[in-house]
Amino acid sequence: MLKKPSSRRKSRGTEELELPLVPIMDAFVTLIAFLLLVTSLLAVTLIDTPAPVVSNVPDDNKDKKPLMLTLDVKETGLRLYSTFRRIPEQSFPKVELGYDLEKLHEAIVAIKQQFPEEKTIVFMPTPEVKYDELVQIMDAVRVLTKTDPPLFVKGEDGIDRPEEHLFGNVIFGNVLSGN
Amino acid sequence: MGGLSIPSPGSSASRHRKGRARRLKSRAFGLQITSLMDILMIIVVFLLKSYGLSSMNIVQTDKLELPQSKSVDTFGEGIVLIVAQDKVYVDGEEVLTFEGEAEERKFQIPEGSMDPVGGRGILPIYDILARKKEEFDTLAARSEHPDEATKKWTGELLVQADKAVNYELLRQVMYTAGMAGYKQFRLTVEKFPE
């Protein structure tokens, strides 16, 4: 006896398998609930600034003075200098949009190329400077952008490694002095 | 007799209707789950992408607007000091309320809160930070290896300050924390959108 056309099409060998999607969906919904709970939609990061300390340790390397790069942050503009006069003093007056961060960044890159081992910069802001402005200035002296020339620093094993920051160690120099 | 009549139970018309209802019930109802799964998958991928490995305790309040920074991702845990537009909190505990309206963002410290000697330390902040350090020292002293436990004190303070705060207040806060034994300040900032 001949089979009906519908029966002929559905032979046992080609039976369709259905994936049990409902339990998978349950797992997905649970996962989404968990991720929504723990996900922070506000991306935050940290900028480390150690407290300034007065060192009593005598300086062994008396012949070579440290750079001690210092940045005065005033309402009128910025002044970049080395306490031991290792670099010429530079001033960056305020422009229309605020502090001239582009020129400051260029100057910082040039100094970093000259002193690749140096990592510390001392900030000396005046009391009226806003925290937001300080963070922008810190970015200009810390963060190495994609357009900057590549900088390398010699590792302990003598191999040159790409530098991640310009002057990554920012210290507020007048926290204790009150100047 | 014309018109409709209600079939009596057990009649052939009633049996016919029941059979139809049963057929309708037994017919498989095909929900389009595959497309729903696609949506769920996209949501999961998006959430996994924005999921941080280490969560940071950020207080979501309209009285705190963090500055934006281009710094790379760094996470940290420790004692959190928040300088909002209206109040100062340490680890979620309210420490100080500024004078004036929060919207004005004057951050004026109330009279009598400043250290009379030197005038730079903020007493309520110092008290709570010193207490937190003492608590750590007490726990370390009670541990099996007190010397090792004491060394675990990193002196890190996570500072979450509103972007309108002036450096004067920030310096007073850092000075106070320094006096209380905190040597490393970690400024919490919002990551600049790429």
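Each chain gets a letter, A, B and so on, in the order its sequence line appears, and its residues count up from 1.
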Would you check, one step at a time, whether the test side-chain contact (heavy atoms from CB on, under 4.5 Å) holds for B:Ser71 with A:Arg142?
CA-CA 8 Å; B:Ser71 293; A:Arg142 289 176 78 248; 2.9 Å; yes
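- For A:Ile32, the parts lying under 4.5 angstrom from a heavy atom of chain B are both the backbone and the side chain.
- B:Lys163 has its side chain out of reach of A:Lys130: every pair of non-hydrogen atoms, C-beta onward, lies at least 4.5 Å apart.
- Of the two parts of B:Leu169, neither the backbone nor the side chain holds a non-hydrogen atom closer than 4.5 Å to a non-hydrogen atom of chain A.
- Smallest separation of non-hydrogen atoms from A:Tyr131 and B:Pro67: CE2-CG, 3.5 Å.
- With sequence neighbours left out, B:Glu168 forms a side chain to side chain contact (heavy atoms under 4.5 Å, CB included) with A:Pro127, B:Asn166, B:Arg171, B:Gln172.
- Only the side chain of A:Leu134 comes within less than 4.5 Å of a heavy atom of chain B; its backbone N, CA, C and O stay farther away.
- A:Gln136 touches chain B through its side chain: at least one heavy atom from C-beta onward sits under 4.5 Å away, while N, CA, C and O do not.
- When heavy atoms are compared at a cutoff of 4.5 Å, B:Leu170 approaches chain A solely by way of its side chain, counted from C-beta outward.
- At a 4.5 Å heavy-atom cutoff, the contact between B:Met179 and chain A is made by side-chain atoms alone.
- At a threshold of 4.5 Å between non-hydrogen side-chain atoms, the residues A:Val44 and B:Gln160 do not count as touching.
- Only the side chain of A:Asp139 comes within contact range of chain B, with at least one heavy atom under 4.5 Å from a heavy atom of that chain.
- Between A:Val135 and B:Gln68, every side-chain heavy-atom pair lies at or beyond the 4.5 Å cut-off.
- A ring-centre distance under 6.0 Å is found for A:Phe172 and B:Tyr167.
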